[in-house]
Every structure is written in C-alpha cells, then in structure tokens.
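Notes follow the structure.
Only this structure's heavy atoms are used, side chains among them; waters, hydrogens and symmetry mates stay out. Counting from 1, the numbers follow the sequence of the chain as shown.
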Amino acid sequence: TYLHSGCQIAVSPDTKHFAVDWLGVEVTRATLGIIGMGSIGYKVAQRARAFHMRILYHNRNQRRKEEEEAVGAHYCEKMEDLLQQSDFVMLVVNLTPETQKLIGKKELGLMKPTATLINISRGAVIDQDALVEALQNKIVRAAALDVTCPEPLPRDHPLLRLNNIIITPHIGTATVQALRMMAEEAIANMLAVLNGHPIPSEVFPK
C-alpha cells in the first residue's frame, strides 16, 4: 500500500514536500508465513531467504529436512501457529473445497494487528467480507491481493474503497517470457499425448 500511495504523492501536482514521518514496514528479518509450500511456495521461500526473513510454512505435508534447511523454513503443523507469529502471511494454495474461505474472520483475528495478508493463489481462498471488516477495523494492518472473487471486483465493492489494500489484476505470471514458457509446456504435453509418451507435466499424475 505504501508503494501505491507513495507513487500518488510523488506524481501529484499538489505535492510540495515529502513527510519525514511517512514510514513503512521492514521486510528484512521479518517473519513470513507461507500457507501452501508447493513448488511456487518454495520459490517464494527461496526469494525471502535473500532478505534474511524468518520463514514459517503450513502445508498438507512437511517438506524434506534438506529442503527446509536450504531455505531456513520451519514447519507449522497448525495454521493457527503460523498466523499468530507472522508479519506477512502469503497464500499460495490451490483452490479446492478444503481451501475455499480458508482465511475467514477467525483466522484474521489470530493475525498480528501489524501483519499484512498477501494472496497470490485464488480469490475464493479468502472470505472477502471478513477481510473488509478486518481492514476497516485494523484487525490486520494491510492486504495485497493479486486475485479476487470475482475478477474484476464490482466497481462498488468495499475493498476498492479502502486505503490499506493494494489490488493487482491477476498478473503474477503476466510476463512475455512466462506466457511463452506456458505455451511451450502446453505444446510439449499435447505432443507427448499424440505420440503416446509420458506427459511431462500431468495435472493429475497416476
């Protein structure tokens, strides 16, 4: 949220000076809680390690010890423990019946009032009504959403009127290079099927 509002201040025709007490939150050595430690969650952990973050994660299955040690990640069997300790909570789960509204009023209430919730998975993983209430009442400090439900949100949605949230239009993989790699991977899968070969990236492995 500081990036967005900072940009507005920097370019506004009304800006005469920058406030010296306009401060953000430090990422370095903060605690990052990753919910969903699949391949994407693990890549997030690899990048967070470069900022010397303390990394907690909650997942259906615990990662191998050597994988945990490689990024300095600590397993939280209970998601509640992760929520209570994290300065940043990042959602990196698949959308399933079990993860629908995974983060609701109870979970938001467990988070630190100084914490930020980040969702790069699917919008329906969060109870958006509960998130609006939590942001309005400062139950959590801020949220950053690359995904919403629906996409885009209706123009009168209360999330769009809050100043402690930043929303991007599902652009986590929106680069020329990423789209090219996805297209090449899809073609490789189709050719494998047509030629009777094993599928390189099968969605539901046997």
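- Expressed to the nearest 0.5 Å, how far CG of Leu153 lies from CD1 of Ile167 amounts to 5.5 Å.
- At distances below 3.5 Å, not a single donor-acceptor pair connects side-chain atoms of Arg54 with backbone N or O atoms of Ala30.
- At least one side-chain heavy atom of Thr148 sits less than 4.5 Å from a side-chain heavy atom of Gln128.
- In this structure, the side chains of Val89 and Leu82 come closer than 4.5 Å at one or more pairs of heavy atoms.
- For the 3.5 Å distance criterion, the side chains of Thr114 and Arg141 fail to qualify, holding no donor opposite an acceptor.
- Residues Gln177 and Arg180 have side chains not in contact (no heavy-atom distance under 4.5 Å, counting atoms from C-beta outward).
- Placement of Val92 and Ile166 in two distinct hydrophobic clusters is found when ILVMFWY residues are connected by side-chain heavy-atom separations under 4.5 Å, directly or transitively.
- With rounding to the nearest 0.5 Å, the separation of CG in Leu179 from CD in Glu184 is 11.0 Å.
- Annotation for Pro198 and Ala192: closest pair O-CB, 3.5 Å, computed over non-hydrogen atoms.
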> Step by step, would you call Lys78 with Glu80 a salt bridge (charged side-chain N to carboxylate O under 4.0 Å, His left out)?
Replying inline: CA-CA 5 Å; Lys78 295 181 181 176; Glu80 290 82 359; over 6 Å; no
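- Side chain of Ser12 to backbone of Asp14: a donor-acceptor contact under 3.5 angstrom is found.
- With hydrogens and angles disregarded, no donor-acceptor distance shorter than 3.5 Å links the side chain of Lys112 to the backbone of Val140.
- Linking Ile, Leu, Val, Met, Phe, Trp and Tyr whenever their side-chain heavy atoms come within less than 4.5 Å puts Val44 and Val27 in one cluster.
- Transitive grouping of hydrophobic side chains (ILVMFWY, heavy atoms separated by less than 4.5 Å) keeps Leu135 and Val147 in distinct clusters.
- A donor-acceptor pair under 3.5 Å is absent between the side-chain atoms of Asn119 and the main chain of Leu145, judged by distance alone.
- Looking at heavy atoms from C-beta onward, Leu91 lies out of side-chain contact with Ile118 at the 4.5 angstrom threshold.
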>> Leu162 vs Gln136, test: side chain to side chain contact (heavy atoms under 4.5 Å, CB included). Steps then yes/no.
In response: CA-CA 7 Å; Leu162 297 171; Gln136 286 174 335; 3.6 Å; yes
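- Distance alone, capped at 3.5 Å, is enough to place a donor-acceptor pair between the Asn59 side chain and the Asn61 backbone.
- Side chain to side chain, Glu77 and Gln62 fail the donor-acceptor criterion of an N or O pair below 3.5 Å.
- Val25 and Ile139 are assigned to two separate hydrophobic clusters, defined by single-linkage of ILVMFWY side chains at heavy-atom distances under 4.5 Å.
- Annotation for Ala143 and Leu131: closest pair CB-CD1, 4.2 Å, computed over non-hydrogen atoms.
- Closest heavy-atom contact between Trp22 and Ser5: CZ2-OG, 3.4 Å.
- Side-chain atoms of Arg63 come within 3.5 Å of backbone N or O of Met37 as a donor-acceptor pair.
- The line from CG of Leu159 to CG of Asp129 is 8.5 Å long, rounded to the nearest 0.5 Å.
- The shortest distance between side-chain heavy atoms of Lys101 and Ile126 does not fall below 4.5 Å.
- In this structure, the side chain of Tyr57 does not engage the main chain of Leu32 through any donor-acceptor pair within 3.5 Å.
- Closest heavy-atom contact between Ala70 and Tyr42: CB-OH, 3.5 Å.
- The closest donor-acceptor contact from the side chain of Thr15 to the backbone of Ile9 lies under 3.5 Å.
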Without placing hydrogens or testing angles, list every side-chain donor-acceptor pair under 3.5 Å for residues 93-100, not counting sequence neighbours.
{"residue": "Thr96", "atom": "OG1", "partner": "Glu98", "partner atom": "N", "Å": "3.2"}
{"residue": "Thr96", "atom": "OG1", "partner": "Glu98", "partner atom": "OE1", "Å": "3.2"}
{"residue": "Thr96", "atom": "OG1", "partner": "Thr99", "partner atom": "N", "Å": "3.3"}
{"residue": "Thr96", "atom": "OG1", "partner": "Thr99", "partner atom": "OG1", "Å": "3.4"}
{"residue": "Thr99", "atom": "OG1", "partner": "Asn94", "partner atom": "O", "Å": "2.7"}
{"residue": "Thr99", "atom": "OG1", "partner": "Thr96", "partner atom": "N", "Å": "2.8"}
{"residue": "Thr99", "atom": "OG1", "partner": "Thr96", "partner atom": "O", "Å": "3.3"}

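- No donor-acceptor distance shorter than 3.5 angstrom exists from the side chain of Asp146 to the backbone of Ile120, with no hydrogens or angles considered.
- Side-chain contact between Glu67 and Val71: absent, with no pair of heavy atoms (C-beta onward) separated by less than 4.5 Å.
- Within the 4.5 Å cutoff, side-chain heavy atoms of Leu56 are placed close to those of Cys76.
- Across all their heavy atoms, Ala124 and Cys149 have their closest contact at N-CB, 3.9 Å.
- Side-chain contact check for Ser201 and Asn189: at least one donor-acceptor pair (N or O, by modelled atom type) lies under 3.5 Å.
- Ile35 and Val125 fall within a single hydrophobic cluster, where Ile, Leu, Val, Met, Phe, Trp and Tyr are joined by side-chain heavy atoms under 4.5 Å apart, directly or via other members.
- Rounded to the nearest 0.5 Å, atoms CG (Leu110) and CE (Met79) are 8.0 Å apart.
- In this structure, NZ on Lys65 lies 4.5 Å from CD on Glu68, to the nearest 0.5 angstrom.
- Nearest heavy-atom pair across Arg155 and Pro152 is NH2-CB, 3.8 Å.
- Here CD1 of Ile55 is found 10.0 Å from OG1 of Thr31. Values are rounded to the nearest 0.5 Å.
- For Asp127 (side chain) and Ile103 (main-chain N/O), no donor-acceptor pair under 3.5 Å exists by modelled atom type.
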